[in-house]
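To start, the structure itself, in C-alpha cells.
Being a predicted model, the structure only gives us computed values, none of them experimental.
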Amino acid sequence: MHPSCGGRENVREGLEIGMMENNLSGKSGQVEFPSCRWGYFTRLLVLCLLVIAGRIGHASAGVPQAREATLRGYQDYVAKVETRNTDSLRKGAFLWIDELPEAKRTHAYENLKQGGVELRRLGKNNGEDAARIPGGMIHDWEGMIFIPGAKLEQVLGVLQDYNKHSVYYAPDVESAKIESREGDHFRVYMRFRRKKIVTVVLNTEQDVMYFRDSTTREHSRSSAIRIREVADPGSKEEKEKSPAEENGFLWQMETWWRMEERDGGVYVQNEAVTLTRDIPAGLGWLIGPFVTSIPKETLEFTMNATRDAVLGKREH
C-alpha cells in the first residue's frame, strides 16, 4: 500500500454510484443513473443496490462490538510479521524475491527489469483471499518494483515528501501533510478515497520511522495510529463517523518498506497488512470486492505510482 496506502481507477469497474457511502450510513445518497440506452433493467439494478446498501448500514452497526477480540487477533498476527521482518533484516534476504527458487527468482528479476510489479499474498487461509479472525479479515500483501537509473536518496525524496503525496498518489490520496518531524520520525495526516461499487473516504494518521541499514539500503516502518471513516465527504454535513457508525472497511493498517540501490537502480519493496470487517452472509457480492480486492489493487497502484514519481522527479 501507499507509504501507507493506495488504489488505481481500474477500480472503476461496476456501476458508478456517487456518494454511496451516504447510503451505507442509512442516509439518502446521490445517484447518477446510466443513460437511457441501458434501459429499465439497469435502473432497477441500481435501485436494488441502494436497498442492499441500506441493509449494509444497519447490519454493520453491530460490527464494532466484536472488535476487542478482532483487534487481539490482528495484533497477534502483526507481532509475527514484525518478528519475521526483524529476523530477515538481521540474517535473511533483504528482498523477498531473493528467497525464491532460482528459476522463479530469475523470472521475477526479468519482470522487474521490464517494468513489472512482483506481488505475493501472505498469511491467507487455504482457498481464501485473507486470513479470517473473529469478526474480521487480515489482508497481507507484499509487492516489489525496480526503478532504473534511480538513487536511494531519490526514492526517499518521494516517500518522505508527504506534503506532495496527494500529487504522487492521486486519486487515492486526496490530501496529505506532515504534522511533525523529528529526524527520521514522521507523524503524517492522510486522507484516502477508495471506490469499488461503494465509495469510502478515510481520514488517517500515520506514524512512520525510517532506518538506514547501509549506504545502499534503507527500510521504514509505518503504523496507522488513527483511522476514521468520513460521512458526507465534501459537503457541509461532512463529519467523521463514530466507531459505532463506521462500516469497518479499514480498521487497522501496518506497513513495512525496504529499498536497495543496486543493478543500476533501486529495488523497492512494500508489505502492507490491513484489517477489515468480515463479510456478512448474503452480502459477499457487494462487500466482498471491496475488502478482498482493494488491498492488492492499491498496493499495485502504490508501487507503480512510486516508480512514476521517482522517474518524474529525476527527469525534472
Side-chain angles (χ1 to χ4, degrees), residues 1-7 11 18-27 29-30 53-54 56-75 78 133 135-139 162-163 165-166 169-180 186-208 221-255 272-280 287 290-291 294-295 298-299 302:
M1 293 197 140
H2 173 263
S4 307
C5 238
V11 186
M19 303 300 290
M20 179 76 85
E21 65 273 14
N22 292 340
N23 294 291
L24 295 178
S25 58
K27 299 179 181 180
Q30 301 170 3
I56 296 173
H58 294 297
S60 64
V63 172
Q65 296 177 7
R67 286 186 63 186
E68 184 175 347
T70 306
L71 288 174
R72 280 200 304 269
Y74 178 75
Q75 290 162 359
V78 168
I133 55 177
M137 301 174 68
I138 298 173
H139 312 269
Y162 293 103
N163 291 333
H165 276 203
S166 60
Y169 297 98
D172 266 18
V173 179
E174 285 197 334
S175 59
K177 65 177 180 179
I178 297 174
E179 296 184 327
S180 66
F186 294 77
R187 182 68 61 87
V188 182
Y189 163 80
M190 289 188 186
R191 181 178 175 113
F192 299 113
R193 177 180 290 267
R194 304 276 194 276
K195 186 174 184 180
K196 196 173 187 79
I197 299 182
V198 296
T199 298
V200 178
V201 176
L202 303 164
N203 288 337
T204 72
E205 266 189 87
Q206 315 284 332
D207 188 84
V208 190
R221 179 74 172 85
S222 174
S223 295
I225 56 178
R226 185 176 185 274
I227 300 175
R228 289 290 182 271
E229 196 171 328
V230 179
D232 304 314
S235 71
K236 294 181 179 179
E237 291 74 31
E238 177 181 316
K239 68 172 185 176
E240 291 186 349
K241 296 182 181 181
S242 69
E245 295 172 323
E246 65 184 9
N247 294 289
F249 288 125
L250 183 63
W251 276 331
Q252 298 285 319
M253 179 169 57
E254 303 287 332
T255 311
V273 179
T274 56
L275 174 65
T276 67
R277 63 169 298 163
D278 208 344
I279 301 175
I287 291 181
F290 195 99
V291 299
I294 285 291
T298 56
L299 178 59
T302 297

**Message:** Suppose we screen for side-chain contact (heavy atoms from CB on, under 4.5 Å). Which residues come up paired with Arg191, at least two apart in sequence or across chains?
**Reply:** Glu174, Ser175, Tyr189, Val201, Asn203, Val230, Pro233, Glu238

**Prompt:** Of the non-hydrogen atoms in Ser223 and Glu254, which two are nearest, and what is the gap between them?
**Reply:** OG-OE1, 2.5 Å

**Fill in**
Here the gap from Thr302 atom OG1 to His165 atom NE2, rounded to the nearest 0.5 Å, amounts to 10.0 Å

**Item:** Check ion pair Glu246-Lys241 (N to O, under 4.0 angstrom)
**Value:** no

**Heavy-atom check, side chain of Asn247 versus side chain of Val200, under 4.5 Å** = no

**Request:** Rounded to the nearest 0.5 Å, what's the gap from CD1 on Ile178 to CG on Asn163? Could you check?
**Result:** 4.5 Å

**Asked** Regarding Thr204 and Gln206, is there a side-chain donor-to-acceptor distance under 3.5 Å anywhere?
**Response** yes

**Phe186: partners by ring-ring contact (aromatic ring centres under 6.0 Å, His included), with sequence neighbours left out** = Tyr162, Tyr210

**Request:** May I ask you to test the Leu275-Trp251 pair for a side-chain heavy-atom distance under 4.5 Å?
**Result:** yes

**Item:** With Arg187 via side-chain contact (heavy atoms from CB on, under 4.5 Å) - residues at least two apart
**Value:** Glu179, Ser180, Glu205, Asp207, Ile225

**Prompt:** Hey, what do you get for OG1 (Thr255) to CG (Leu299), rounding to the nearest 0.5 Å?
**Reply:** 9.0 Å

**Prompt:** About how many Å separate CE of Met137 and CD1 of Ile133, when rounded to the nearest 0.5 Å?
**Reply:** 10.0 Å

**Prompt:** To the nearest 0.5 Å, what is the distance between OG1 (Thr274) and CD1 (Ile294)?
**Reply:** 10.5 Å

**Fill in**
Distance col, row Glu229:CD vs Leu250:CG, nearest 0.5 angstrom, shows 9.5 Å

**Request:** Please report the shortest heavy-atom distance between Val78 and Arg221, naming the atom on each side.
**Result:** CG1-NH2, 3.9 Å

**Prompt:** Is the Lys NZ or Arg CZ of Arg72 less than 6.0 Å from the centre of Tyr74's six-membered ring, within 45° of the axis?
**Reply:** no

**Message:** One thing to verify: whether Glu240 and Arg226 come together as a salt bridge, which I'm taking to mean a side-chain N less than 4.0 angstrom from a carboxylate O.
**Reply:** yes

